[in-house]
Amino acid sequence: RYRDSTVPMDYCHAARMCILAPHAINDQTRIIELAKRAVSHYPTGKQPRQWMLHTLGMAHFRAGNLDEAVRQFHASLDADPNWNAIDLIWLGLALVEQARGNNAQAQKWLRKAVEKQAAPYPQDRMEAQVLRREVEQLLNLNQAK
């Protein structure tokens, strides 16, 4: 369990691992439901609410719900604009912009995330590295076309 919370970390980590390894599960609806359940345990506050909202945004991104992904990323920013792993949100926004074909905007978010590299915890740094590589690979593929 997360410190004093009542949410089992299974909800949080199951959704996060599926986001990091989207090929591991075919049921995107299930991922979204797990992430929503995790968010529902933190209706207010900062950490871990921002992380849960980011996870929900990534679940929506993986399911192709780009507008909802952006809404969740911005909700995460609204929960705490000074979140110490804010680069995760910027990388999520970069992925959305790349998926929309807006490579210039994706590059902007990627640069911002690379400059900050804020993620203080090992699991956040790992997620940031995975997402950063994904953004860079997708942008390089688009530039090669």
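Everything numeric here is computed off the predicted structure, so don't read it as measured data.
Taking 4.0 Å as the cut-off between side-chain N and carboxylate O, Arg100 and Asp67 count as a salt-bridged pair.
Side-chain atoms of Ser76 do not come within 3.5 Å of backbone N or O of Gln72 as any donor-acceptor pair.
The two atoms that bring Ile32 and Ala63 nearest to each other are CD1-CB, 3.8 Å, heavy atoms only. Contact between Ala79 and Leu53 at its shortest, heavy atoms only, is CB-CD1, 4.3 Å. Counting all heavy atoms, side chain and backbone alike, Ala106 lies closest to Gln98 at CB-N, 3.7 Å.
Here the side chains of Val135 and Leu139 are in contact, with some heavy-atom distance below 4.5 Å. For the pair Leu88 and Trp83, the minimum side-chain heavy-atom distance is below 4.5 Å. The side-chain heavy atoms of Gln105 and Val96, taken from C-beta on, include no pair separated by under 4.5 Å. Contact annotation: the side chain of Asn65 never approaches that of Arg71 to less than 4.5 Å [non-hydrogen atoms, C-beta and beyond]. Looking only at side-chain heavy atoms (C-beta outward), His60 and Val70 stay at 4.5 Å or farther from each other. The side-chain heavy atoms of His54 and Met58, taken from C-beta on, include a pair separated by under 4.5 Å.
Atom CG in Leu56 sits 11.5 Å away from atom CD1 in Ile31 (nearest 0.5 Å). Taken from CD1 in Ile89 to CH2 in Trp109, the straight-line distance is 9.5 Å, to the nearest 0.5 Å. Atom CG of Asp78 is separated from atom CZ of Phe73 by 13.5 Å, given to the nearest 0.5 angstrom. Here the CG-CG distance, from Asp87 to Leu110, works out to 11.0 Å after rounding to the nearest 0.5 Å. We find the CH2-CD distance between Trp90 and Glu97 to be 15.0 Å, quoted to the nearest 0.5 Å.
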**OP:** I would like to know whether Gln50 and Ile86 meet side-chain contact (heavy atoms from CB on, under 4.5 Å); could you show each step before the answer?
**Re:** CA-CA 9 Å; Gln50 309 93 325; Ile86 199 164; over 6 Å; no
**OP:** Run the numbers on Phe61 and Leu66 for side-chain contact (heavy atoms from CB on, under 4.5 Å), then give the verdict.
**Re:** CA-CA 5 Å; Phe61 169 74; Leu66 302 182; 3.6 Å; yes
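The stretch residues 126-137 participates, sequence neighbours left out, in these salt bridge (Lys or Arg N to Asp or Glu O under 4.0 Å) pairs: Arg16-Glu127, Arg62-Glu134, Arg132-Glu136.
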